Amino acid sequence: YQRRVHGDLYTMVLYLIGLGLADEKDISVKGLEKIKECDLIYLECYTSILFESTLPKMEALYGKPIIVLDRESVEGEKFMEQILIKAKTANVAILVVGDPFCATTHSDLFLRAIKLGVKVSIVHNASILSAVGASGMQVYRFGEAVSIPFFTEKWRPYSFYDKIKQNRKCNQHTLLLLDIKVKEPTEESLLKGKPIYAPPRYMTVNTAAEQLLETEAAKKEKAFDEKTKCIALARIGAETQKIVAGTLEQMKTVDVGGPLHSMVMCAEELHPIELEMFVHYLLKQTIFSQ
């Protein structure tokens with residue numbers, strides 16, 4: 001799709017632009033240039049958030065107003081269809097925390113745009129899937145990444161357990177992506193048909209450790225235990241990032257500060273350099289201290 005500007009024909013583009021990990025300044029020079037070319041800017045903040053930034057800061061740096069897409073927008077087919085239709089007659093950018101293709105949601109959007117004949121351009125950036133290397137565990141030794149959802153009284157899914165078990169069987173590390181709840185309606189309000197949104201919640205490594213040990217106790221397949229080597233990651237990419245190594249049991253009480261958190265469950269055997277890095281980040285007075 002094209003439109004004429006000052007006598008010249010220009011092809012309209014849907015840009016999927018990665019924002020990086022921490023704040024508005026993590027955007028690439030290319031990403032910033034593309035934003036300035038766009039007529040409409042959307043921010044997808046359902047799959048992750050820029051925890052060190054705010055919408056006003058982003059708009060000030062990028063020089064454009066930004067429309068926020070929440071979970072309902074991202075998962076609503078009609079709304080996303082409207083965005084794709086707009087991309088036929090205007091340059092549209094969807095800003096994604098991390099890298100655009102690190103969530104299935106964005107791959108689906110890419111495919112839908114192509115089917116509609118919309119030109120799509122991708123601007124990549126850092127994501128936790130690459131930045132996890134800061135833990136000292138070698139990135140190519142990671143198996144399938146695993147999402148840990150918040151347990152509720154009525155919903156306690158253990159489906160992630162088999163993936164961790166398979167990774168450890170293959171002597172691979174596991175990146176644990178911890179749940180975030182942003183603009184989530186309460187169960188009571190849904191029953192009444194008038195959604196009232198709960199305050200944002202971000203899973204801590206403490207909660208994740210408790211749920212992992214509960215899962216092992218229920219499954220009893222010895223995929224891991226309280227002595228399994230783990231690494232807590234907090235605010236990766238920010239100046240305040242914190243990395244702490246220890247046992248899974250210690251992850252229940254370790255204090256790494258505010259969100260966002262993720263965690264690495266280490267492979268049974270570590271490369272000598274990985275072991276040295278693990279010791280570097282190690283909590284004092286652990287069973288690994290010797």
Side-chain angles (χ1 to χ4, degrees), residues 21 46-49 51 97-99 102-104 126-152 155-182 201-219 221-238 241-270 274 277-278 281-283:
L21 291 165
Y46 161 50
T47 54
S48 190
I49 61 164
F51 54 89
V97 177
D99 185 86
C102 285
T104 307
S127 79
I128 189 62
L129 295 177
S130 56
V132 68
S135 67
M137 302 301 105
Q138 296 169 1
V139 174
Y140 64 84
R141 289 199 61 208
F142 278 79
E144 184 174 354
V146 174
S147 296
I148 308 295
F150 275 113
F151 286 178
T152 67
W155 189 64
R156 309 183 85 76
Y158 299 149
S159 54
F160 57 80
Y161 181 86
D162 290 336
K163 296 178 181 179
I164 297 174
K165 182 181 177 182
Q166 181 62 31
N167 286 348
R168 289 182 59 76
K169 181 180 178 181
C170 297
N171 198 33
Q172 295 174 319
H173 310 304
T174 303
L175 171 60
L176 304 172
L177 303 171
L178 310 189
D179 203 2
I180 67 172
K181 297 289 187 186
V182 179
R201 287 197 301 154
Y202 309 100
M203 185 181 288
T204 63
V205 293
N206 314 118
T207 298
E210 290 172 358
Q211 293 188 180
L212 285 162
L213 288 170
E214 175 188 320
T215 304
E216 178 57 66
K219 300 287 285 187
E221 296 176 22
K222 299 182 179 179
F224 49 83
D225 59 31
E226 66 276 1
K227 295 180 181 179
T228 297
K229 293 185 287 293
C230 293
I231 303 173
L233 307 171
R235 301 172 304 285
I236 295 299
Q241 79 172 28
K242 191 168 184 178
I243 302 173
V244 179
T247 66
L248 180 55
E249 179 68 25
Q250 287 173 320
M251 293 295 114
K252 290 167 58 178
T253 55
V254 66
D255 181 7
V256 290
L260 293 174
H261 293 186
S262 51
M263 192 162 76
V264 174
M265 184 175 287
C266 300
E268 193 67 33
E269 299 174 7
L270 300 185
E274 290 180 323
M277 290 291 285
F278 186 87
Y281 289 125
L282 194 61
L283 276 167

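Remember, predicted model here, so these are calculated numbers, not experimental data. Values below: every heavy atom of this structure, side chains too, minus hydrogens, waters and symmetry copies.
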| request: Calculate, to the nearest 0.5 Å, the distance between atoms CD1 and CD belonging to I236 and Q241 respectively. | output: 4.0 Å
| field | pair T207-F151: side-chain heavy atoms closer than 4.5 Å | value | no
| query | Can a cation-pi geometry be assigned to R168 and F224, taking NZ or CZ under 6.0 Å from the six-membered ring centre and within 45° of the ring axis? | reply | no
| said: Using only atom types and a distance under 3.5 Å, with no angle test, would you say the side chain of H173 pairs donor to acceptor with the backbone of A267? | reply: yes
| Expected output: side-chain E216 to main-chain E221 donor-acceptor under 3.5 Å | yes
| said: For a side-chain contact (heavy atoms from CB on, under 4.5 Å) check, start with the C-alpha distance between F142 and V264, then their side-chain angles and the critical distance, and finish with the verdict. | reply: CA-CA 9 Å; F142 278 79; V264 174; 3.9 Å; yes
| said: If you count heavy atoms of other groups shown closer than 6.0 angstrom to CD of E214, is the number above 12? | reply: yes
| request: Heavy atoms only: give me the nearest L178-A208 pair and the separation to one decimal. | output: CD2-CB, 3.7 Å
| task | Flag the pair E226 / T247 as yes when at least one side-chain heavy-atom distance between them is below 4.5 Å, and no otherwise. | result | no
| request: Quick one: closest heavy-atom pair of I243 and Y281, and the distance? | output: O-CD2, 3.5 Å
| note | In terms of heavy-atom contacts, K242 and D255 come closest through NZ-O, 3.3 Å
| query | Do you know which two heavy atoms are closest between I164 and M265, and how far apart they sit? | reply | CG2-SD, 3.6 Å
| Flag side-chain contact, heavy atom, 4.5 Å: F150 against M203 | yes
| Only one of Q172, Q166, K165 clears side-chain contact (heavy atoms from CB on, under 4.5 Å) with K169; which? | Q166
| task | State the CG-CZ distance between L260 and R235, to the nearest 0.5 angstrom. | result | 9.5 Å
| query | Any sub-3.5 Å donor-acceptor pair from D179's side-chain atoms to S147's backbone N or O? | reply | no
| message | Tell me the closest heavy-atom pair linking L21 and F51, and the distance in Å. | response | O-CE2, 3.3 Å
| said: Filter on salt bridge (Lys or Arg N to Asp or Glu O under 4.0 Å), then keep only pairs touching residues 130-150, sequence neighbours left out; what's left? | reply: R141-E274, E144-K163
| query | Are any of the side-chain heavy atoms of L212 and M251 separated by less than 4.5 Å? | reply | no
| message | Tell me if a side-chain donor or acceptor on D225 pairs with a main-chain N or O of T228 at a distance below 3.5 Å. | response | yes
| note | Closest heavy-atom pair, V139 versus S130, reported as atoms and distance to 0.1 Å, is CG2-O, 4.0 Å
| task | Mind checking the CG-CG spacing from L233 to L177? Nearest 0.5 Å is all I need. | result | 10.5 Å
| task | Mark yes or no for whether Q211, through its side chain, and P149, through its backbone, hold a donor-acceptor pair below 3.5 Å. | result | yes
| query | Any donor and acceptor pair, going by atom type alone, linking the side chain of Y161 with main-chain N or O of A223 inside 3.5 Å? | reply | yes
| Can you find a pair of side-chain heavy atoms, one from L270 and one from M137, that are under 4.5 Å apart? | yes
